[in-house]
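Given the structure is predicted, the values throughout are model-derived calculations rather than measurements. Lettering of chains follows the sequences in order, A, B, ..., and the numbering in each one begins at 1.
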Amino acid sequence: MSAKEQIAKIISDATGEDRKICMKTLEMAEEGKGDIASKIGFILAKKMKMSPAQAAQEIEGTLEPHEWVEKTEATGPYLNFFLSNAFYQEAVRKINALGNNYGRGNANRKTIVESPSVNPNKPWHIGHLRNALLGDASANILEFHGDNVQRMDYIDDLGLQVAQSLWGYLNLDEKDRPQFLGEEKPDHWIGAEYVKVAEKIEREPLVKQSVKGILREMENGGNKTAEKARWLAEECIKAQYETAFAYGVYHDVLICESDIMREIFSEGMESLKGSGAVEHEKSGKNEGCWVARMSGKMRGMTEPDKILIRSNGTATYTGKDVIFHLWKFGKLKGDFRYGEFVLQPNEEKAYISKARGIEREYGNADVLVNIIGVEQKYPQEVVRHLLDLLGYEKEAKKFIHLSYEHAWLPEAKFSGRKGTWLGYTADELLEEGKKRALDKVKKELTGNVREEIAGQVAVGAIRYAFLKIAPEKKLVFKWNEVLSLEGDSGPYLQYACVRAKRILEKAGMEREPEPPLKYEFNETEKKLIKELSEFPLVAGQAAEKLRPHMISGYIYGLANTFSKFYTTNPVLKAETENKKEMRLAMVAAFRDVLSIGLGILGVPVPKKM
RNA sequence: GCCCUCAUAGUCUAGCCUGGACAGGACACGAGCUUGCGGAGCUUGGAACCUGGGUUCGAAUCCCAGUGAGGGCACCA
């Protein structure tokens with residue numbers, strides 16, 4: 001039980017009020033006013049027929065003593081609790097004992113996190129990167145919460161964009177081909193070709209016809225063109241995944257749209273049609289289409305109804321997506337087969353859906369998290385609404401669209417279609433970051449070691465910059481802020497962690513910390529321990545709310561507190577052996593909690609820097 | 001037309017769900033300390049809730065109406 005939970009119990013016992021309500025009245029007290037404050041006076045004033053201040057007084061008199069509470073004070077309407085040495089002692093012991101498992105939950109749900117689902121015909125730009133990092137951090141948070149997470153990537157290998165890229169691959173003249181063909185990563189040249197083709201289509205209607213022909217063959221499947229398209233898409237994804245790996249992003253499974261069409265689409269469609277959840281339009285402008293009636297949900301829109309099956313019998317993106325989500329929730333009999341796609345640097349294999357392959361256990365989840373841009377809110381709402389209409393109300397509630405705003409560099413905005421992504425890819429961002437990080441690394445370090453550490457600093461800086469701000473905020477990426485070693489940045493936190501580790505190393509890190517059994521904590525020490533003991537609550541909330549930036553905010557505050565502790569409380573040179581032992585235990589606790597937090601954000605911790 | 005986000009100091013941002021003690025933090029700016037357990041540190045000063053109503057003992061937070069910025073309302077994805 002945490003200090004807050006313990007105090008909530010004490011108040012609850014004294015007042016008879018629900019423990020959860022008591023919990024909500026608690027917050028960290030202000031400096032000098034105690035450690036944990038309760039605003040219970042406000043809550044119970046009416047019931048007790050007295051002023052909030054009187055109520056607080058009254059309650060204060062009836063509190064049972066507890067070994068973790070040194071004293072209590074009613075200050076105005078607030079009830080302030082001062083924590084005892086016994087609490088701090090126990091808190092340090094507990095973190096030392098649990099180490100990397102401190103704060104870990106046991107939610108034990110099956111959860112799918114889908115991200116980033118980038119079209120397989122271009123390199124990642126920084127918008128895709130924001131998606132991938134949010135997905136990765138969310139998956140980490142949920143795993144720490146105790147969920148069994150499937151990191152899933154949806155691949156739209158049947159899209160017009162792939163058809164255009166394939167046309168370019170097969171037909172572009174030498175002079176029209178991007179100059180760097182063969183030198184760049186495949187995702188880069190496929191993307192550059194796509195831009196060329198898109199331009200050509202504007203001018204030449206014949207090209208447009210030809211691309212449409214390719215698309216038709218891809219959709220029909222079972223032919224050379226479809227095979228070629230799939231091959232091109234996979235080449236592109238493999239290249240995109242090199243970017244992913246460089247940023248420390250990994251996946252468990254990739255599901256391709258072509259496999260959705262072959263394996264589960266017709267079954268899903270039949271169950272949709274049979275359920276009455278979708279309607280076949282007999283007249284009007286949508287005549288012959290199967291539509292999801294959204295007018296009840298989205299009043300006043302010009303076209304609230306969403307077409308799932310076109311009048312020519314083919315499915316729209318949303319139509320396929322609804323069926324895909326039925327599968328994710330384990331509501332279909334059909335299933336995919338899988339093959340190994342790539343062995344990732346974390347030594348985990350990523351699997352990909354394919355026509356002939358082995359069976360694997362994916363899908364069948366309790367909770368779905370889709371990391372998708374805010375501009376797709378409406379189609380995501382359609383999917384949820386249909387789940388509801390199909391009678392899966394529980395599932396609809398556990399269908400989470402984690403939407404995020406655009407990210408860009410101050411210089412320009414991105415438009416994949418127009419090709420202005422050139423110069424703003426995730427690869428180029430990391431290269432630039434490495435270059436800039438290089439002279440921030442300790443001078444004594446040279447050669448490969450220096451390069452490696454610069455890489456870790458760059459990844460940490462970029463990941464932290466993306467993950468420290470709320471996803472619904474627009475994000476402008478500014479190098480001088482991102483790589484600043486002062487203030488709220490990845491490198492600052494990396495440094496704090498390195499520094500703590502170094503102290504422990506010097507003290508002989510092999511052994512477990514052995515905090516003394518009796519100890520008088522000073523105010524700075526108390527502050528650090530109190531903050532450390534907040535971590536399980538923060539981690540739990542970040543998971544429930546799916547807000548990765550809660551983790552970054554917390555560890556940044558924690559690192560600041562540690563810095564204050566560090567400057568005024570010598571560890572290795574502590575006045576007494578007793579103090580040294582306790583402070584070492586505290587440094588170890590700090591290192592563990594900070595490492596967990598950085599691990600969740602995917603910020604690597606260099607050995608030195 | 002309708003729907004959805006966002007709006008906090010010179011700049012960036014947390015808090016809003018679940019209303020309470022002087023709105024937290026960073027960068028920049030001012031003053032001081034620190035030659036170290038490893039340079040990013042510490043102490044300290046000035047500086048902000050878009051507007052107008054409402055609910056409440058109490059509103060950055062909830063409700064209503066505006067304003068500004070962005071996004072959505074395809075047989076595109």
Q. Syn or anti for B:G19, with syn set at within 90° of 0?
A. anti

Q: Report the base-pairing partner of B:G19 (Watson-Crick or G-U wobble, both distances below 3.5 angstrom), or none.
A: none

Q: Compute whether any side-chain donor of one residue and acceptor of the other, for A:N522 and A:N569, lie under 3.5 angstrom apart.
A: yes

Q: Counting heavy atoms from C-beta on, name the nucleotide in B:A7, B:G15, B:G38 closest to the side chain of A:R502.
A: B:G38

Q. Which whole-number value in Å describes the distance from A:K377 NZ to B:G70 P?
A. 18 Å

Q | Length of the line joining A:R384:CZ and B:G72:C1', which is rounded to integer Å | A | 16 Å

(Q) Any N or O donor-acceptor pair under 3.5 Å from the base of B:A21 to the side chain of A:N80? (A) yes

Q: Answer yes or no: are there more than 12 heavy-atom neighbours, outside A:K398 itself, under 6.0 Å from its atom NZ?
A: no

Q. Which of the following nucleotides, B:A77, B:G15, B:A7, is nearest to the side chain of A:H549?
A. B:G15

Q: Ignoring hydrogens and angles, state whether a donor on the side chain of A:Q380 or A:N370 is under 3.5 Å from an acceptor on the partner side chain.
A: yes

Q) Counting side-chain heavy atoms from C-beta on, which of B:G39, B:G20, B:U18 comes nearest to A:Y495? A) B:G39

Q: Assess whether atom NZ of A:K440 is packed by more than 12 heavy atoms of other residues, nucleotides or ligands within 6.0 Å.
A: yes

Q: Scan every strand shown for a Watson-Crick or G-U wobble partner of B:U11, both distances under 3.5 Å, and answer none if you come up empty.
A: B:A26

Q) Which nucleotide in the set B:G20, B:A40, B:C12 lies at the smallest distance from any side-chain heavy atom of A:K478? A) B:C12

Q: Could you give the distance separating B:C63 and B:C17 at their P atoms, to the nearest angstrom?
A: 9 Å

Q | Pair partner, B:G68 [Watson-Crick or wobble, under 3.5 Å] | A | B:C6

Q. Roughly how far apart, to the nearest Å, are B:C37 and B:G30 at atom P?
A. 30 Å

Q) Out of B:A21, B:A40, B:C37, which nucleotide sits closest to the side chain of A:I503? A) B:C37

Q) B:A40 P sits how many Å from A:K608 NZ, rounded? A) 18 Å

Q) Where the side chain of A:N121 meets the backbone of A:Q161, is there a donor-acceptor pair that is under 3.5 Å apart? A) yes

Q. Say you pick atom P in B:C62 and the same atom in B:A14; how far apart are they, in whole Å?
A. 15 Å

(Q) Give me the distance, rounded to whole Å, that separates B:G25 from B:G68 when you measure between the C1' atoms they each carry. (A) 27 Å

Q.
Measuring from the side chain of A:K473 (C-beta onward, heavy atoms only), which nucleotide among B:G20, B:C42, B:U13 has the closest atom?
A. B:U13

Q.
I need the single residue from A:Y464, A:Y556, A:F562 that forms a ring pair (Phe, Tyr, Trp, His ring centres under 6.0 Å) with A:Y492. Which is it?
A. A:Y556

(Q) Can you see if the side chain of A:K573 gets near the phosphate of B:C37 - specifically, an N or O under 4.0 Å from OP1 or OP2? (A) yes

Q: Decide, applying a 5.5 Å centre-distance limit and a 30° plane-angle limit (both strict), whether A:Y556 stacks on B:G25.
A: no

(Q) Given B:A77, B:A21, B:G41, identify the nucleotide with an atom nearest to the side chain of A:N119. (A) B:A77

Q: Would you indicate what A:Q541 reaches in the nucleic acid, counting non-hydrogen atoms under 4.0 angstrom: base, sugar-phosphate, or nothing?
A: nothing

**Q.** Non-hydrogen side-chain atoms of A:L483 and A:S489 separated by less than 4.5 Å
**A.** no

**Q.** A:L160 CG to B:A74 P, straight-line distance once rounded to whole Å
**A.** 19 Å

Q: Could you check which nucleotide pairs with B:G32 in any of the strands shown, counting Watson-Crick or G-U wobble with both distances under 3.5 Å?
A: B:C42

**Q.** Atom-to-atom span, CZ of A:F562 to P of B:G38 - whole angstrom
**A.** 12 Å

Q) Atom CD of A:E31 to atom C1' of B:U44: distance rounded to whole Å? A) 15 Å

Q. Checking side-chain contact (heavy atoms from CB on, under 4.5 Å) for the pair A:V605/A:K501: CA distance, chi angles, key distance, verdict?
A. CA-CA 10 Å; A:V605 181; A:K501 281 187 165 178; 4.2 Å; yes

(Q) For the P atoms, the ones on B:A69 and on B:G15, what distance do you get once it is rounded to whole angstrom? (A) 25 Å

Q: Name the closest nucleotide to the A:K442 side chain, picking from B:G39, B:A40, B:C75.
A: B:G39

Q.
Of the options B:C6, B:A77, B:A40, whose atoms approach the side-chain atoms of A:R499 most closely?
A. B:A40

Q.
Heavy atoms only, 4.0 Å cut-off, all strands: where does A:V476 land among base, sugar-phosphate and nothing?
A. nothing

Q: Quickly work out the A:I43 CD1 to B:U18 P distance and round it to whole Å.
A: 14 Å

(Q) Taking only the P atom of each, what is the distance from B:C4 to B:A65 in whole angstrom? (A) 11 Å

Q) What integer distance in Å separates A:K474:NZ from B:U13:P? A) 10 Å

(Q) Nearest to the A:D156 side chain among B:C12, B:A21, B:A77, which nucleotide is it? (A) B:A77

Q | Which residue lies more 5' along RNA chain B, comparing A:V374 with A:Y154 via nearest heavy atoms | A | A:V374

